[in-house]
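A quick note: this is a predicted structure, and the numbers were derived from the prediction, not measured. Just so we're on the same page: letters track the sequence lines, and every chain starts at 1.
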There are 2 protein chains.
Amino acid sequence: MSKQELEVLGQEAADACCAGLASAPLDDDRATELAKLFKALGDPVRLRLLSMIASRDGGEVCVCELTPAFELSQPTISHHLKLLRQAGLIDCERRGTWVYYWVLPDTLDRLAQFLRTPQSAGAPA
Amino acid sequence: MSKQELEVLGQEAADACCAGLASAPLDDDRATELAKLFKALGDPVRLRLLSMIASRDGGEVCVCELTPAFELSQPTISHHLKLLRQAGLIDCERRGTWVYYWVLPDTLDRLAQFLRTPQSAGAPA
DNA sequence: AGGTTGCATAGAAGAACGTCAATGCAAGCC
DNA sequence: GGCTTGCATTGACGTTCTTCTATGCAACCT
C-alpha cells in the first residue's frame, strides 16, 4: 500500500534524492552505474586508501604519505588512486612537487543512502 | 587531538557499533573483509537481483521469478545468487519444488554505516 | 642546463571474474 | 518405477583486474 504510493511518485523523484535498493527493482542502466562505484570499493587496497584519505583531519593527504603505507609498488598505488578518482570518490590536485588527494563525500553518501534498508532508514544513528 | 582520543578508545569499540571509513584508517584485515562485500555488490546483475529481492513486499522471491528477468542463462543467475549468499547479503530456503530468497538487512546496514561520512552522519534523513 | 625526486602512464603476465553448455540432484507427477 | 521440472554444480573459455618493471613528465635544486 504505502509501497504502491511510493511507486506512483515516479522513478525520477526517487532517483533524484534517496532511492534505496529496496524501493523498487533497479533498471539496468542504474544498476550498471552503481556497480561501477561498488566495484571501485571492492578492493582492500582501495578501501584502505580511501579510509586513509577520509580519516585525515585536514581532509587532504599527500601521495607521498600513501605510497609507503603499502607493500606495493608506487605505480600500483597510483593505479588504485586513479580508479578511485574515475569513480568520483576522490579528487586530487598537484601543488608544486606533491600531489594531494581528498574525498568527495557526495558520492559516498549517495551509496550509503542506496544501501539503507527501510527498517534502518528511520533510525537517525 | 580529538582524533587521538578516538583512537585511544580502541579499535574494537569502533568496530562494534559504527566505525565509518573516516573514523580511522582501516587495517588490512577489516579492509579485506569489507572489500569482499563491496565486490559482491560490484556487478549490475547482482545489484538488480538484490534490488528485486529487497523491494519485494513479502520479503521473499522465488528463483523462478528472478531467472526470466534477465537475458542470461539459468546457471549464471544461480551463480550470482550464490555469491550474494556467500557475502551474507541474502539467504535462501527450499520449500518443496521452489527456492525462495530474502535479504539479510544487517549486512546492508553495516555497509551503509561504513560509508556515511561525518558530515552526513548528523542528518537523520 | 643537467641531475634528482615525485608521481603518472604504458605494456606485460598471472589471477580472478562472468558467462555458457552440460550435467547432477531433489521434488513432484504419471 | 520412470519422466519432468526447478535449481545447483562442474568445467571451459574469453574478458577484466591486479600487479609488476620500464618509461615519461613535471617540478625542484644546484
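Counting any heavy atom pair closer than 4.0 Å across all strands shown, A/Phe70 reaches no nucleic acid atom. B/Cys62 comes within 4.0 angstrom of sugar-phosphate atoms only, judged by non-hydrogen atoms across all strands, and of no base.
Atom CG in B/Leu83 sits roughly 14 Å away from atom P in C/dA16 (whole-Å rounding). Rounded to an integer number of Å, the gap from CG of A/Asp43 to P of C/dA15 is 17 Å. Put simply, CZ on A/Phe38 is 20 Å from C1' on D/dT16, counting in whole angstrom units. Computed from coordinates, the A/Arg94 CZ to C/dG6 P distance equals 11 Å when rounded to whole Å. Protein atom CG of A/Leu81 is 6 Å distant from nucleotide atom P of C/dA8, rounded to whole Å. Per the geometry, CH2 belonging to A/Trp98 stands 9 Å off C1' belonging to C/dG6, to the nearest Å. The CD1 atom of B/Ile77 sits 16 Å away from the P atom of D/dG6 (whole-angstrom rounding). The nearest whole Å value for the distance from the CG atom in A/Leu72 to the P atom in D/dC17 is 18 Å.
Here the side chains of A/Leu72 and A/Thr67 are not in contact, with every heavy-atom distance at 4.5 Å or above. A heavy-atom distance below 4.5 Å is found between the side chains of B/Leu111 and B/Leu34. Counting only heavy atoms from C-beta outward, the side chains of A/Tyr100 and A/Glu93 never approach each other to under 4.5 Å.
The pair B/Glu33-B/Arg110 counts as a salt bridge, with a side-chain nitrogen and a carboxylate oxygen less than 4.0 angstrom apart.
With D/dA26, D/dG6, D/dT19 as the choices, the nucleotide that has an atom nearest any side-chain atom of A/Val45 turns out to be D/dT19.
Checking A/Arg85 against A/Lys39, the closest nucleotide of DNA chain C that is more toward the 5' end is the one next to A/Arg85. Each of B/Gln74 and B/His80 has a nearest nucleotide on DNA chain C; the 5'-most of these lies closest to B/His80. Both A/Glu71 and B/Val99 lie near DNA chain D, and the one whose nearest nucleotide falls closer to the 5' end is B/Val99.
Between A/Ser73 and D/dT19, a side-chain N or O to OP1/OP2 separation shorter than 4.0 Å is absent. A/Lys82 has a side-chain polar atom (N or O) that falls below the 4.0 Å cut-off from OP1 or OP2 of C/dT9. Phosphate proximity of D/dC20 to A/Thr76: present, with a side-chain N or O under 4.0 Å from OP1 or OP2. Checking the phosphate oxygens (OP1, OP2) of D/dT18, a side-chain nitrogen or oxygen of A/Arg46 falls inside 4.0 Å. Remark: A/Ser78 is in phosphate contact with C/dA8, judged by side-chain N or O atoms under 4.0 Å from OP1 or OP2. The phosphate of C/dC7 has neither OP1 nor OP2 within less than 4.0 Å of any side-chain N or O from A/Tyr100. In terms of phosphate contacts, A/His79 brings no side-chain nitrogen or oxygen within less than 4.0 Å of OP1 or OP2 of D/dC20.
Each of A/Ile90, A/Thr107, A/Ile53 was scored for a side-chain contact (heavy atoms from CB on, under 4.5 Å) with A/Leu84, with one residue passing: A/Ile90.
When atom types are taken as modelled, the side chain of B/Ser51 and the backbone of A/Ala24 share a donor-acceptor pair closer than 3.5 angstrom.
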